[in-house]
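Here the structure is laid out as structure tokens; the discussion comes afterwards.
Letters go in sequence order (proteins before strands), and every chain restarts at 1. These values consider heavy atoms only, across backbone and side chains, with no hydrogens, waters or symmetry-generated copies.
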There are 2 protein chains.
Amino acid sequence: MKIGVIGGGQLGRMLALAGTPLGMNFAFLDPAPDACAQALGEHIRADYGDQDHLRQLADEVDLVTFEFESVPAETVAFLSQFVPVYPSAEALRIARDRWFEKSLFKELGIPTPAFADVQSQADLDAAAAAIGLPAVLKTRTLGYDGKGQKVLREVADVAGAFAELGSVPCILEGFVPFTGEVSLVAVRARDGETRFYPLVHNTHVGGILELSVASSAHPLQALAEDYVGRVLDKLDYVGVLAFEFFEVDGGLKANEIAPRVHNSGHWTIEGAECSQFENHLRAVAGLPLGSTAKVGESAMLNFIGSVPPVEQVVAVADCHLHHYGKAFKAGRKVGHATLRCADRATLDARIRAVEALIKA
Amino acid sequence: MKIGVIGGGQLGRMLALAGTPLGMNFAFLDPAPDACAQALGEHIRADYGDQDHLRQLADEVDLVTFEFESVPAETVAFLSQFVPVYPSAEALRIARDRWFEKSLFKELGIPTPAFADVQSQADLDAAAAAIGLPAVLKTRTLGYDGKGQKVLREVADVAGAFAELGSVPCILEGFVPFTGEVSLVAVRARDGETRFYPLVHNTHVGGILELSVASSAHPLQALAEDYVGRVLDKLDYVGVLAFEFFEVDGGLKANEIAPRVHNSGHWTIEGAECSQFENHLRAVAGLPLGSTAKVGESAMLNFIGSVPPVEQVVAVADCHLHHYGKAFKAGRKVGHATLRCADRATLDARIRAVEALIKA
């Protein structure tokens, strides 16, 4: 089976590493000449709107999936004429737009911070008055890793903020005094079977994920599964979806969803019986899902900007390096490490060991 | 770091799957147009004696390693002029020739079946008289998966047997009434540090490995490590080496060594903290070795001739498929499955489930 992937970055690379042992081949459509997934499959170098190359991809593969959600709707619609596409156009339409996303949460009774659509500075002024400050102004589309957003702490911050974000459609979200950030990675098969990985505690710095720690018997696991299940079923979703929540007052408020494999699920490569990458491929290929059970205690640390010397990373006991083969650049995710061990105290000590390498 | 691999079959493929996350790139020199490792790296399609292409490989990579031991000595000598080669020419010289191999075992005080060099039918007649029957006649080089050998059960089998194996240099080995076959996979770093995986029980059918089960606290583990350590140190070996033993009268008799990653070590991909493939690469690249500790109870079943339907293999709980992407052909290893679970009873039940798929 040949899988087409829109995007050829590290998520595509890790999909190919998981899928090759299943007997799958891969083609990646990505305009970047140095797309790092090309080491593991065919690289169709083209823009996401290039219909000739999209058609070539569709003709070569058995199905198409995505590495990121900001794919133009036209691209998805075009591909869908020729080849099965998972997740669906509708799931991508919702997930790539914060307004549609939050509106879906609201429709499904999933708590989420107060929010308002902002199409102009006048909209923003009204929304800020209604929701109150502090609040966060975010572009409806194309935001990631803290990009495309601005925290409005006081009234002076509101003036001109819409123009600062490019005068594009935005959403204003009430600021949530959260005690933690967690994510739930889930996978849903074509037949509707759904499995959930354990909740993950995430630590972001400057909007970029730095550390994910898989939980054991988290008291909010069942609640999170309930919320995520509502979204998956509503969208008749196929594949892996990650759902980020704020922990607030002992409950959860929905932040956002990502309709794809997710950075906070990278620990599953070693830390779960079947990784998010393999499970995504199983789901889209119509295969039975794999177990989402944990194997020991696990954490994932991102390498941002550069990877510490390889000999130092692998010298940490039971540390698994994932180097993306990308050029080092400030703020860019260029690798990660998974730690897996028997108990939490050992895990914490090793997290500190890897953090020390990152800071060195 | 770019790694050159002589051979581009499934072992090269699994080396690349393990090395890509370490930031390594791969080039495979293999004459086969359909060498299955080519999905994961550059394929230099050339004969193993083609000096122009060997030189190209040497110029492109940081070091060269091997996927199989039957590489011509001239190839190794030629490459060694230009690039580091691991394991060494001397290790390959010994391991690819059963006479040198057995002689080394004898020199190092490692018990091994009685053996004699056979360069002619007259040699064979004399050796059969001295060693007695039953005995096994094997070509000194190029044998694998039961090929290049013949069991001599009675006197009538001896006549003409030398010609039957092609009138090439052979070795006659006394038949050993073994109670089991075990192998020890070891890895030795450039600095001499050595680590051993747990002993593995192997079941061969028709000379081809069918099932490997990793042991827990095997009573012969220490003895096996002693024997293997002697060989590794004597050869100043760098990389993974597999050592096959017969279990005889509660002790071990050396059968053969393979100076490479080995089929009986495939379970380590999921079943050990750091796989034989990653540890081989760590060793040859001069990186610290990874842990050889088991993660749960594990077994590996080979898929010979064909891979059962993928949806059936992955439906077995906690079953990890490794499809080599090779054309199906009788007697050919085309994939394997690793089972990993918490206890031996569950493991045994799942082994039976996969065996049922193979026999279906």
> Picking from B/S291, B/P21, B/A16, B/G335, which has the most non-hydrogen pairs under 4.5 angstrom with chain A?
Replying inline: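 Option with the greatest count: B/P21.
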I need the residue from B/C341, B/G325, B/A317, B/G23 with the largest number of non-hydrogen atom pairs under 4.5 Å to chain A.
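Answer, by heavy-atom pair count under 4.5 Å with chain A: B/G23.
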Of the listed A/D318, A/V310, A/L289, the one with the largest count of heavy-atom pairs under 4.5 Å with chain B is A/D318
Compare all side-chain heavy atoms of B/R340 with those of A/V295 and state whether any distance is below 4.5 angstrom.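 Yes, side chains in contact.
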**Q.** Distance in Å, A/H320 NE2 paired with B/L22 CG, rounded so as to fall on 0.5 Å steps
**A.**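 Between atom NE2 of A/H320 and atom CG of B/L22 there are 11.0 Å.
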Under 4.5 Å to a heavy atom of chain B? For A/C36 that would be neither
Check your understanding: So which bits of residues 270-282 of chain A come within less than 4.5 Å of chain B, counting non-hydrogen atoms only?
Key ->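 Result: A/A272, A/E273, A/R282.
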